[in-house]
2 protein chains.
Amino acid sequence: MSSIKDVARHAGVSVATVSRTINSPNKVSEDTRKSVEKAILELNFTPNSTARDLRTSQTRRVIVLVPNISNPFFSNVIKGIQNYANTCGYSVLLGETHNQIKLERDYANMVLRRQADGIIQLSARNPFSEIKLQNEKAPPPWVNACECLGETSSPIVKIDNYQAMKDLTEHILEKGHKRLGVVLGPQESPLTQERLEGILSCLDDSPEQSHSLIQYQGDFSSHSGALISHEVASSPKRPTAIICMNDEMAFGLIHGLKQKNIKIPHDISVAGFDDIELAQYCDPPLTTIQQPSIDLGRTAMKILTQQIERTDQHNTIATFSTQLIPRESIRQIEN
Amino acid sequence: MSSIKDVARHAGVSVATVSRTINSPNKVSEDTRKSVEKAILELNFTPNSTARDLRTSQTRRVIVLVPNISNPFFSNVIKGIQNYANTCGYSVLLGETHNQIKLERDYANMVLRRQADGIIQLSARNPFSEIKLQNEKAPPPWVNACECLGETSSPIVKIDNYQAMKDLTEHILEKGHKRLGVVLGPQESPLTQERLEGILSCLDDSPEQSHSLIQYQGDFSSHSGALISHEVASSPKRPTAIICMNDEMAFGLIHGLKQKNIKIPHDISVAGFDDIELAQYCDPPLTTIQQPSIDLGRTAMKILTQQIERTDQHNTIATFSTQLIPRESIRQIEN
DNA sequence: CTGAAAAATGTAATCGATTACATTACTCAA
DNA sequence: TTGAGTAATGTAATCGATTACATTTTTCAG
């Protein structure tokens, strides 16, 4: 491996000049720039990033706090993050938290100890909130994506959950459904709240007050969806359509209901949220909301780099819109 | 942030002694060790890893080459890798390659340029093969996991594909099926070959030569499974059971067949491979092979660190066994 | 042609650890 | 008590970049 010294010697200049041609070419004359570039090429030189990082006290490392890597929605978000990170020389440290606060805090401490430059948090919690920030002036760079806090102590990247659910609910009402059900995500999640409000807004608006909504408590796992099927089956007045707050729960729910000989969508229609790859191959194909998951990740990473490099100071809020994907799991109700 | 100098001053010793208490405590007397440890605690000191890396010319970064992050099987493997990496201070750089050789080569070059310490390759290709290793003595550390090359130029972590398919095929034959089909992975993949051989071995063994096997060419995507349903439906003599080389293709195939009014498993039984989370919620629940995906990842990372730290020089081959998960997608044939 | 200002380049300190080598302290047999 | 051998500690070079400051070169108005 050749170092900046080798290049300097080879080009007959000082190391400072080499460094400058790399980092601020405008501070160097045309001629020397060319000869240095030639030397770099000939020696196949790449700056040692560790040395640069030491000097500039960066790490070029960011941490992504994700509840569960295997969740297909999150893997797409991660894909977007990786994607952008790779283009600008950052490496990504995946921190799987299973929503455990202790783990989140441990990761947060890594950026305080300068083991990483910043954090992308995919849950609704400020990872630094419980840590006493000594006489540090600036709060560490982090962005909150996907599942976001209300307060804007950090930049936020999210979808319009309210509108998304409104679209979906309207679609279902248009199909003639009157008794709706919803399988919620975890109670404390703002996501759950926003999405629920989206549904409720449509019901309130309805001219006749004839619409009802039964709520079932899920936790975003397919298993919870399967469990809820019992509850649904034994409801005194079953809903004719159930909205699940993600696709996995819809899979579990559909499976559970079918086992009880309830026909989907004939007896009960079901919708999901996320549009994971397999949603189209569900039986029946799942009506759902498509999120721009890769874009969410890419944008989160982009904003984080801006935070880190102090390019942009103010707290952005990026809101993406979603798309309703109507498939066969919601049926038309006659009359 | 406090540095090793601060600790040295605070404990009244030299930086060398501090470094030694951290890295080789046995070279330091009981007393000084204690006082240094006290100082470390009081100053809340963590060694700056960038500085250490520069000095020791490590990066503590490894690259994972993965065809597709969103594939649930791979995300579990990655989970295992991350898991082990976190315990020993490595950060993981995900390189999504979509099987493009150029991308793989770019990543491989990163380790030659000392931007990373090693590679875990989840496809059957030596990432360094096309790169002229200058007068480098030792080949760079890498391990081949999941989908592995035959030759052992590197350590290998895999499952026993042959045996796994043998288990699955035997199960299907025991259920009375005689005409089998298989949806293959990409032709060039050793995985496809090994698994195919596992199936064939059972058919050869059968006392009567009455078993047949129709092969369909897939590519591991659920989409390809859906496409193949046309082919299957128009086969002159349809197989009564079809083995898909992963669960996604099984999802696509089942969906496609159902659309053609073919009943699963009544008309055609279908099996998958991997046992992804949603396999149990498929309709019908998917008979499949469970891979120890997280363990595969953890082990791959463990072996890689050994390669990097030269703890272990010889080329390990770790082979994991799998488990047949019988569900309802394979039915009993009354003969 | 002169010299002040601007541009280009060079020198050397620095980031924070590790570690070879030098020095000092300790142990214990004779 | 002595001194050889060992254990403990310290000094300072080093990894490979960046960059403040110093120095040299160039530019150009007068």
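Reminder, nothing fancy here: chain letters follow the sequence lines and each chain counts from 1. All values reported here derive from a predicted model rather than from experimental measurement.
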B/S/- contact track for nucleotides 8-19 of chain D, protein heavy atom under 4.0 Å: SBBBBBBBBBBB
Distance (rounded to the nearest 0.5 Å) between B:Ser49 OG and A:Arg61 CZ: 5.5 Å
Interatomic spacing from NZ in A:Lys5 to OG in A:Ser14 - rounded to 0.5 Å: 12.5 Å
Gap between atom CH2 of A:Trp142 and atom CD of A:Gln121 - 0.5 Å precision: 6.5 Å
Distance in Å, B:Ile4 CD1 paired with B:Leu43 CG, rounded so as to fall on 0.5 Å steps: 12.0 Å
Separation between CG of B:Asn144 and OG of B:Ser154, rounded to the nearest 0.5 Å: 5.0 Å
